[in-house]
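Working notes for the structure below.
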Amino acid sequence: MELTGQSFIASKRGAGSPAFYGINPLTGAQLEPGYAEASAEEIARAVQLAAEAAAPFAAISGRERAAFLRRIAANIDAVAEPLVERAHAESGLSLPRLTGETARTTGQLRLFATLLEEGSWLRARIDTALPDRKPMARPALRSVLRPLGPVVVFGASNFPLAFSTAGGDTAAVLAAGCPVIVKAHPAHPATSEIVATAIQQAVADAGLPEGVFSLLYSAGNGLGKTLVLHPAVQAVAFTGSQRGGRALMDLAASRPQPIPCFAEMSSVNPLFILPELLAADPEGFAQNLFASFTLGAGQFCTKPGLIFWTKLPGSDAFLAHLKKLVDEATPQPLLAPGIARAYEQLTVERATQSTRAAAAKPQGNAPFCHAEPQLFSTTLAEFEAQSKLAEEIFGPTTLLIECPDLASYVRAASGLEGQLTATLFGTEADLAAQPELIAVLATKAGRVIVNAFPTGVEVSSAMVHGGPYPAASDARFTSVGTRAIDRFVRPVCYQSLPDALLPAELQDANPLGILRLIDGTETRAALS
Ligand code: NAP
């Protein structure tokens with residue numbers, strides 16, 4: 001496929017000369033072609049076309065939108081090989097990881113298609129009229145979820161496929177019936193171009209209004225700010241740093257018409273080791289923990305970053321083995337030079353705030369953009385005294401927190417900020433002894449996990465990938481799984497509207513055969 005280095009302004013390509021390049025983090029090589037930044041006119045045109053597409057796109061049936069999502073998935077499958085190769089060159093992530101991520105990307109598009117085909121996600125509710133009710137009659141009320149309008153999606157650096165151009169946010173936005181304008185992440189511009197070509201082709205083949213999809217390039221903050229402040233934009237979806245997410249949340253709230261900004265930002269994913277676990281297999285547990293916090297060079301929002309433990313049988317062997325694994329590790333490639341610089345700076349700072357318990361020996365000539373796995377250690381008292389220790393360091397590192405006793409786990413959990421995940425490792429008896437800890441963690445995290453590491457997020461109906469701030473901007477929603485669609489719809493109630501003018505989901509005959517709540521009872525039956 002020929003790469004042009006230009007933005008996608010609906011069905012057209014942008015203009016302009018190269019302003020930035022992808023960089024191969026494994027070699028430092030600059031990758032061709034260069035990418036032009038979207039001009040003010042191009043940004044305005046993309047948003048205008050998205051606004052024009054909003055009503056016609058909202059009006060098509062769920063089945064047509066499902067077919068559109070399946071077309072995108074098929075088009076991505078058709079370019080999977082060059083796509084994975086390019087994503088590897090731009091991110092340094094391994095080919096098997098990126099092959100799996102491609103399957104996850106198309107899998108989540110197809111999962112949303114299945115949701116739309118079934119249709120009940122729209123939560124149609126009908127309260128029939130009660131003309132004889134005393135003292136007042138009740139009108140006929142019917143409500144259903146409707147799309148918000150154009151949404152801006154920020155591609156994430158750490159998932160160049162599954163959380164970028166056609167990733168989970170874009171899939172949820174399109175499934176909801178909203179046009180999308182993607183701000184490509186500058187670390188993987190060509191990967192974004194290949195996927196955008198697949199989406200643009202699907203828009204054309206499905207005969208949809210061209211403004212349903214645009215993708216814009218820029219290497220600076222200006223584009224994102226302009227998009228979030230544009231009056232036609234109705235919501236924002238973001239995955240990245242707390243600083244970036246918070247800036248966009250504040251911008252979205254500062255508009256004359258404030259809009260929701262769904263930001264998935266920062267989580268340190270506390271993990272609590274309960275007493276009987278370590279006694280059984282301390283070295284095996286150390287091995288699995290090491291594998292989890294160094295997986296993908298620790299560049300996962302669900303990396304376990306805080307490990308709470310207390311002195312018990314097995315803990316010495318656990319610590320000794322974990323330190324050995326970190327000492328013997330080799331430097332790992334990070335996604336981009338900026339992320340490598342942040343890792344270097346934050347781990348140097350952390351060494352002044354806690355004890356560096358172990359660190360991989362840098363290779364003689366540590367390659368460009370690589371990170372040395374590092375293990376830090378502190379006490380609960382020091383952790384509570386220094387709020388900086390609770391902040392995320394993106395990369396292959398974690399912090400051990402020694403607690404005076406098991407009873408102090410509840411205090412430690414109570415002091416934590418909002419998290420994507422919280423994990424407990426222990427036997428059944430251990431868990432039965434910790435009801436208060438489990439209850440506290442459920443107030444802190446979107447997902448409470450038992451005896452499994454948090455890295456690895458299933459894309460499914462029940463998944464929750466979100467949590468109280470700063471894990472996410474709005475704890476009521478998830479950014480992974482089919483519930484992610486709820487971010488881009490709002491309930492609309494139609495009062496006494498004639499049947500023929502109602503959306504199909506609310507018509508008496510229930511032509512779509514969906515599950516509806518009629519006068520308080522769930523049913524697929526027509527309304528007689
Ligand atoms: P980022 O710096 O937050 O940037 C993500 C996207 O948001 C980029 O497209 C960026 O645009 C844009 N952006 C950031 N701040 C903005 C602002 N103030 N106004 C407008 N747009 C803004 O994240 P990143 O580049 O992926 O990685 C940097 C750090 O983010 C990492 O070191 C890590 O700490 C964190 N991170 C966390 C997660 C997680 O899931 N928790 C995931 C990825 C990254 P430009 O780059 O064009 O400015």
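One-based numbering, in listed order, for ligands and for the atoms of each.
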Under 4.0 Å, heavy atoms only, figure out whether ligand 1 is touched by the backbone of [X], its side chain, both or neither.
| X | result |
| --- | --- |
| A247 | side chain |
| N158 | side chain |
| Y343 | neither |
| A187 | neither |
| R243 | neither |
| L248 | side chain |
| M265 | backbone |

Exercise. Please assess F425 against F272 for the test ring pair (Phe, Tyr, Trp, His ring centres under 6.0 Å), listing each intermediate value before the final yes or no.
Key: CA-CA 6 Å; F425 268 93; F272 291 82; over 10 Å; no
Starting from [atom], locate the nearest protein heavy atom and write down its residue, its atom name and how far away it is, to 0.1 Å.
| atom | result |
| --- | --- |
| atom 40 (O) of ligand 1 | C301 CB, 2.7 Å |
| atom 30 (O) of ligand 1 | S241 CB, 3.1 Å |
| atom 12 (C) of ligand 1 | F154 CD2, 4.0 Å |
| atom 5 (C) of ligand 1 | F238 CE1, 3.7 Å |
| atom 37 (C) of ligand 1 | G240 O, 3.3 Å |
| atom 28 (C) of ligand 1 | I339 CG1, 4.2 Å |

Could you check whether [Y] and [X], counting side-chain N and O atoms only, form a donor-acceptor pair closer than 3.5 Å?
| X | Y | value |
| --- | --- | --- |
| Q48 | E52 | yes |
| S192 | H185 | no |
| E210 | S11 | yes |
| H370 | Q332 | no |
| S7 | E42 | no |
| R86 | T191 | no |

Quiz item: Strictly under 6.0 Å, is that where the ring centroids of F300 and F394 end up?
Solution: no
Self-check item: Aromatic plane relationship, F163 with F159 - under 30° parallel, 30 to 60° tilted, over 60° perpendicular
Solution: perpendicular
Practice problem: Measure up the F154 and F238 rings against each other and bin them: parallel (under 30°), tilted (30 to 60°), perpendicular (over 60°). | Solution: perpendicular
Look only at interatomic distance and state if [X] has a nitrogen or oxygen under 3.5 Å from any nitrogen or oxygen of ligand 1.
| X | result |
| --- | --- |
| N221 | yes |
| F394 | no |
| H185 | yes |
| T239 | no |

Quiz prompt | Candidate pair E193 and Y35, rule side chain to side chain donor-acceptor pair (under 3.5 Å), full reasoning | solution = CA-CA 10 Å; E193 181 172 358; Y35 280 77; 2.7 Å; yes
Exercise. Evaluate side-chain contact (heavy atoms from CB on, under 4.5 Å) for M265 paired with E392, printing each intermediate quantity in order.
Key: CA-CA 10 Å; M265 295 168 286; E392 180 187 34; over 6 Å; no
Practice problem: Report the C-alpha separation of L399 and T378 in whole Å, then their side-chain angles, then the decisive distance to 0.1 Å, and conclude whether the side-chain contact (heavy atoms from CB on, under 4.5 Å) test is met. | Solution: CA-CA 7 Å; L399 175 64; T378 192; 4.0 Å; yes
Which ligand 1 atoms, with their elements, are less than 4.0 angstrom from a heavy-atom of [X]?
| X | result |
| --- | --- |
| K225 | 19 (N), 20 (C) |
| S157 | 24 (P), 26 (O), 27 (O), 43 (C), 44 (C) |
| S218 | 47 (O) |
| P186 | 9 (O), 46 (O), 47 (O) |
| K183 | 8 (C), 9 (O), 10 (C), 11 (O), 45 (P), 47 (O) |
| G244 | 14 (C), 15 (N) |

Quiz prompt | Candidate pair F308 and F383, rule ring pair (Phe, Tyr, Trp, His ring centres under 6.0 Å), full reasoning | solution = CA-CA 11 Å; F308 293 91; F383 178 74; 5.8 Å; yes
Self-check item: Min heavy-atom dist A219 to ligand 1 below 4.0 Å
Solution: yes
